[in-house]
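Data first, discussion second: the structure below is written as structure tokens.
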Number of protein chains: 4
Amino acid sequence: MAQPTIDHRGPDFAKLTLRIMDKLAPVFNTTSPILIFPASGTGAWESALLNTLSPGDKVLAFETGHFATLWKNIAEKLGLEVDWVTGDWRHGIDPGVVEEHLRADTQHQIKAVLAVHTETSTGATSRIKPIREAIDAANHPALYLVDTVSSLACSEYRHDDWGVDVTISGSQKGLMLPPGLCFNAVSEKALAANENSRFRHSYWCWKEMIAPNKNGYFPYTPGTNLLYGLDEALSMLHAEGMDCVIQRHARLAHATRLAVEGWGLEILCLNPEEYSNSLTAVVMPEGHDSDKLRQVILDRFNMSLGMGLGKVKGTVFRIGHLGDFNELMLAGSLAGVEMGLSLAGVPHRKGGVNAALGYLASL
Amino acid sequence: MAQPTIDHRGPDFAKLTLRIMDKLAPVFNTTSPILIFPASGTGAWESALLNTLSPGDKVLAFETGHFATLWKNIAEKLGLEVDWVTGDWRHGIDPGVVEEHLRADTQHQIKAVLAVHTETSTGATSRIKPIREAIDAANHPALYLVDTVSSLACSEYRHDDWGVDVTISGSQKGLMLPPGLCFNAVSEKALAANENSRFRHSYWCWKEMIAPNKNGYFPYTPGTNLLYGLDEALSMLHAEGMDCVIQRHARLAHATRLAVEGWGLEILCLNPEEYSNSLTAVVMPEGHDSDKLRQVILDRFNMSLGMGLGKVKGTVFRIGHLGDFNELMLAGSLAGVEMGLSLAGVPHRKGGVNAALGYLASL
Amino acid sequence: MAQPTIDHRGPDFAKLTLRIMDKLAPVFNTTSPILIFPASGTGAWESALLNTLSPGDKVLAFETGHFATLWKNIAEKLGLEVDWVTGDWRHGIDPGVVEEHLRADTQHQIKAVLAVHTETSTGATSRIKPIREAIDAANHPALYLVDTVSSLACSEYRHDDWGVDVTISGSQKGLMLPPGLCFNAVSEKALAANENSRFRHSYWCWKEMIAPNKNGYFPYTPGTNLLYGLDEALSMLHAEGMDCVIQRHARLAHATRLAVEGWGLEILCLNPEEYSNSLTAVVMPEGHDSDKLRQVILDRFNMSLGMGLGKVKGTVFRIGHLGDFNELMLAGSLAGVEMGLSLAGVPHRKGGVNAALGYLASL
Amino acid sequence: MAQPTIDHRGPDFAKLTLRIMDKLAPVFNTTSPILIFPASGTGAWESALLNTLSPGDKVLAFETGHFATLWKNIAEKLGLEVDWVTGDWRHGIDPGVVEEHLRADTQHQIKAVLAVHTETSTGATSRIKPIREAIDAANHPALYLVDTVSSLACSEYRHDDWGVDVTISGSQKGLMLPPGLCFNAVSEKALAANENSRFRHSYWCWKEMIAPNKNGYFPYTPGTNLLYGLDEALSMLHAEGMDCVIQRHARLAHATRLAVEGWGLEILCLNPEEYSNSLTAVVMPEGHDSDKLRQVILDRFNMSLGMGLGKVKGTVFRIGHLGDFNELMLAGSLAGVEMGLSLAGVPHRKGGVNAALGYLASL
């Protein structure tokens, strides 16, 4: 990314773009177009809605946590009607509830189902394939829009096989880059819906992006230097092998949960089938403030844990274990938490780190 | 920009943001809020329109070149009615025409005047202050929106003194960064208009940006690593002194024009008062293709000149002289053009480089 | 270090050199000249000998480990006669033995005492001040040459107060740089000895270095880009505070030893007064090969532990805890060792990491 | 070079070393060992002498300029007897004089002929092949030691074909790296001479370097990060093609000389067969100080021209055109000189830049 910025209308740039597209496809597991916007992940939410829907359309969405709520808020700001299924922030989306809601929508007023794959605020990973099956079981034509900002390249994800219509993602998590790029992978069905969309917008316009992309160009100035980084990051992922990358994340996530159990603390996500490969949110014991703990750990060990966001502010902290991350970096993180719990006077058992190491050394 | 990405919700990040804001203000010459979006410059056009206007509003805009036309197209895509004053791509905006149009609009249906300061496709720099005076002379309440993507930190610019309501800019020209950040500096009047805007959007929402910005935070993930670069680039500009930076650009631009005259070629911009500090567009002799010339120069000297965009494709090439650029880099560029003209068999006189050097050595 | 190489005969370079010299002095704790050679640490050994002694001179040296032996070998290659006090590689230099040898040298044939401060191969840190006192007690005029390659900026070191004549060091340990610079800090007495030295050499010549250094220049091309890095590294050290830097190393070293004890393994260094702040060498249980353990840890966790060097090859491994290193990085290292011991089937107790964390969290 | 320093005793490092060795061979055009020392070029002079000769040996050397004189001084400091052929600093070595001196040495007391290929202080390139032929014509067994610090990868050079015994070079010129690595390519005859050398030294010891090098290792800490850079720089050279690299340098050098002639100034090197591909030294008109000119150019255009060194201080300046350098960078340099001559009031004709461009555009 430190290389000089080259002319994005020149032939070398086109080669870069096409090379990136080839390497991105097996990360999303799709043969559909993948659009890359020079924007942070939030923009990809908006882009997915603006390009496939129209003002006043109804969408079905689920309160799995803070980011699902933010996405819902955006949908409402855009003038969509949101059928909002509230939740306890401790579970992913229940496929049965999806089916039920869609069956009840006999008029097919619901135009899209919005699902956050891994909810970054809670560490619950909704089951995208069973939700697809639920949509199919209800025989409902709604589009299926999935946010993979914090799951892509961390958990298994199959845009085509799972029948996703728009996959939303960003550069700064599993792709190991700084923020500044966001993605929409779009199915044929999404492109068809795009033809009828009546939203007014320009920056996020799929059509104007897809046409020049075919030749390696962009309709306006792209995020050139982040694209250099993306080229390199994708090579690193493929050198390790996408399956290995995902297994590594699964392994580190399991070790983290053993540490949390070892400390006698509670994992926010209650359904083991929905544990996340990317991060683990931990519930503080009653009467203890997670932000105080986080401050102690930042001051003493220069480690910035994820804060509790929204409803769980102060009651939850989050341990990230995604991206360019390995066993010993995790051991360092868990050691920081274990020492921090002690220094901050948070009741816990010793032995979390030990439990994690025991597991990692048993493989 | 190569430093690790830090937590954008942490205290060090807030300090960075506030430091940047302090250093940005004297670049725009404003005390108003300056919003920084993680997006390329195109996004700042859309943001300015979406935040101050409403669907169906009329705006007055001027065909000064390719980018003015692109902005107009965006306005139309958003559902605005554009009062489009056509032009010959060889002049900036005529303040007299602005006044005339506004005087004729006795109903004050025109809600905004859109002006591109330096038109990157033509090298004509519209006179922003006289246009302001024209608006005032017409006693018209329209907002004044100005695109400074390729002029900021190259030509004199005074957001406050010149009564601009929204200044639009980007990171990749005078600010010497890769693309990926864009700016809106917004007046009190623009903020008041924002209250009544009825567009549906979220990413570009000023209100949600301004509130956390006051404390150094952002409503969603910012372009962290580009912000590190912005911090450094602003320090470099202020170390040189904004006045010196602008004089340097003026000097290099003047030398470039002397070279073009030395070659016996024509400068696209016909009005000397509107010559640009940032770039110079040169008209090819009849019957010669600028893209062929550009290809010769790229192949032989690894220099990528700006292509003729839109209406002037093939008939114009552009010499950039902005950003981190000095006398000897300019000499290299001009030498590449002079040799390229010869190699491509384009009729010209020798002596362009000499004329430029003679001027630069006379100061 | 990624900045362009500047002219080392120009004024900006002179300022850089003088700034570095100011910041180096409190790292060596000296007001004497500090010479910087573009070479790795080995060169600074040779330089110290060549500049102060003459062929056939006798020196007193101590077999504290691999690097002391290498230095002795160099002395012999240069034609010096080495009075070599053998050792068990588990202790530093005994000041009593120094005194005894010097007292016995009634003719003052010994021209220099060679001491390695921290022996990188064993993790034993000889006590430089008591050795100085031993030399004084023997009333002996020998020069005192001390190698601080792996101790400088990790352990307390006082060139002036401890009466050292030549301090030898390098860039790649406590100074946190790549290898490529080495140092000689030289006392008045060493400079006087230099006048009578009869060795034939040029690159290492002190006189030709000291004269231009006073004005910020070098007699031949210096290691320009490493000097940029040194400038920055010294600023980092002073920002933390030299005392804090050394306390941090002491803290991490103590935690490491608690881990080793927790595993039920033996620390190579037998004298607690001589434990090193920079690294800890650990003895393998009988019948287990340290290189096999190291390979397991490299393969599984991508961590390269120090190998057993020379006499202790296969029987010892080394844990480094120096330079840009903190509590959580140490926790990662110790976790890698603990898991590696398990994976490689090396008999040990669990709980080493726990013991280290317990200590670090108790401070 | 910005990558983390890796363990130079590990397997990845060995692969790096062997890869570098493969790519270095066609740069020196040799199948003999090439030794890489972590030191600046000066060290490679000393290494060549120390490893092949013995105190009191006689060498034949030629005063072609400042660096030849420095090398002679080193030889004298080492205790060698130098048969010093004085010169006017405007020519390379005369092969006829070489032959004459060697023929006169009927006792074969001369053990080595020292030749600087491109004398950096004068821009004269001695003809290495004809000198070899002169040695052969005299039927003299002297070793042939050649300094290519500023010619390697700029001018044609053939270690094996031209019968050179030790080729001396450095990293910071044609190899486009920062200073900090130096080279000795050594013939079989040089290795045989090494067996009988009686100098006392260690850092520069060939034997201890060659043995581990075969497996990709070094006897002491190498310049790790510069080696990463060397790996990349060699790939760049081979991607362009060594012949193309040398032709590019020849082309830029020719253009430079046309500029000097265009200004009506004198090239220091008087023999066109000895013009250098790497740099051109220019004689100031009588009564004008080159350092004053250089200061004007540095102040006004931030370009640091080479100063006149030693005997030609103040009367000569040097234009470098080597390494990562192309037509437009040269045009910038020449423009800086032409404007500087004018600003400093140095009598000259205009048109130097023009002459250079005319030539470059004619190819």
Side-chain angles (χ1 to χ4, degrees), chain A residues 1-4 236 239-240 244 248 251-252 255-256 258-259 262-263 293 296-305 319-321 324-346 348-363, chain C residues 1-4 236 239-240 244 248 251-252 255-256 258-259 262-263 293 296-305 319-321 324-346 348-363:
Chain A
M1 288 183 286
Q3 291 188 300
M236 289 166 67
E240 184 175 353
C244 295
R248 170 168 55 82
R251 198 161 69 232
L252 299 177
T256 303
L258 291 174
W263 295 323
L293 171 67
V296 165
I297 293 172
L298 181 61
D299 292 347
R300 280 294 296 269
F301 304 119
N302 196 26
M303 177 167 74
S304 184
L305 287 175
I319 303 170
H321 32 74
D324 180 19
F325 208 69
N326 65 21
E327 279 82 355
L328 303 194
M329 291 154 110
L330 178 67
S333 297
L334 297 177
V337 174
E338 185 161 325
M339 291 191 286
L341 289 167
S342 176
L343 286 160
V346 177
H348 69 291
R349 294 199 304 268
K350 295 293 165 204
V353 172
N354 260 14
L357 300 186
Y359 164 70
L360 291 170
S362 74
L363 298 174
Chain C
M1 286 183 287
Q3 291 189 302
M236 288 166 66
E240 183 176 353
C244 294
R248 170 167 55 84
R251 196 161 70 231
L252 298 177
T256 303
L258 290 174
W263 296 322
L293 171 66
V296 166
I297 292 172
L298 182 61
D299 292 346
R300 280 294 297 269
F301 305 119
N302 197 25
M303 176 167 75
S304 184
L305 288 176
I319 303 170
H321 32 73
D324 180 19
F325 207 69
N326 66 21
E327 278 81 354
L328 304 194
M329 292 154 109
L330 178 67
S333 297
L334 297 177
V337 174
E338 186 161 323
M339 291 191 286
L341 290 167
S342 177
L343 287 160
V346 178
H348 69 288
R349 294 199 304 266
K350 296 294 166 203
V353 172
N354 261 12
L357 300 187
Y359 164 69
L360 291 170
S362 74
L363 298 175

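Protein chains get the first letters and strands the later ones, always in sequence-line order, with residue 1 at the start of each. Only heavy atoms go into these numbers, but all of them, side chains included; no hydrogens, no water, no symmetry mates.
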Worksheet item: Is any side-chain heavy atom of A:L328 closer than 4.5 Å to a side-chain heavy atom of C:M329?
Response: no

Worksheet item: Measuring heavy-atom distances to chain A, does C:L334 have an atom under 4.5 Å in its side chain, in its backbone, in both, or in neither?
Response: neither

Worksheet item: Would you find more than 12 non-hydrogen atoms of other residues, nucleotides or ligands less than 6.0 Å from A:N302 atom CG?
Response: no

Worksheet item: Does the pair A:L363 and C:R300 meet the rule for a side chain to side chain contact (heavy atoms under 4.5 Å, CB included), with working shown?
Response: CA-CA 10 Å; A:L363 298 174; C:R300 280 294 297 269; 3.9 Å; yes

Worksheet item: Among A:L341, A:N326, A:L360, which has the most heavy-atom pairs under 4.5 Å with chain C?
Response: A:L360

Worksheet item: What heavy-atom pair brings A:A331 and C:G332 nearest, and what distance separates the two atoms?
Response: CB-CA, 4.2 Å

Practice prompt. Carefully, step by step, assess A:N354 and C:E338 under the rule side chain to side chain contact (heavy atoms under 4.5 Å, CB included).
Written response: CA-CA 10 Å; A:N354 260 14; C:E338 186 161 323; 4.0 Å; yes

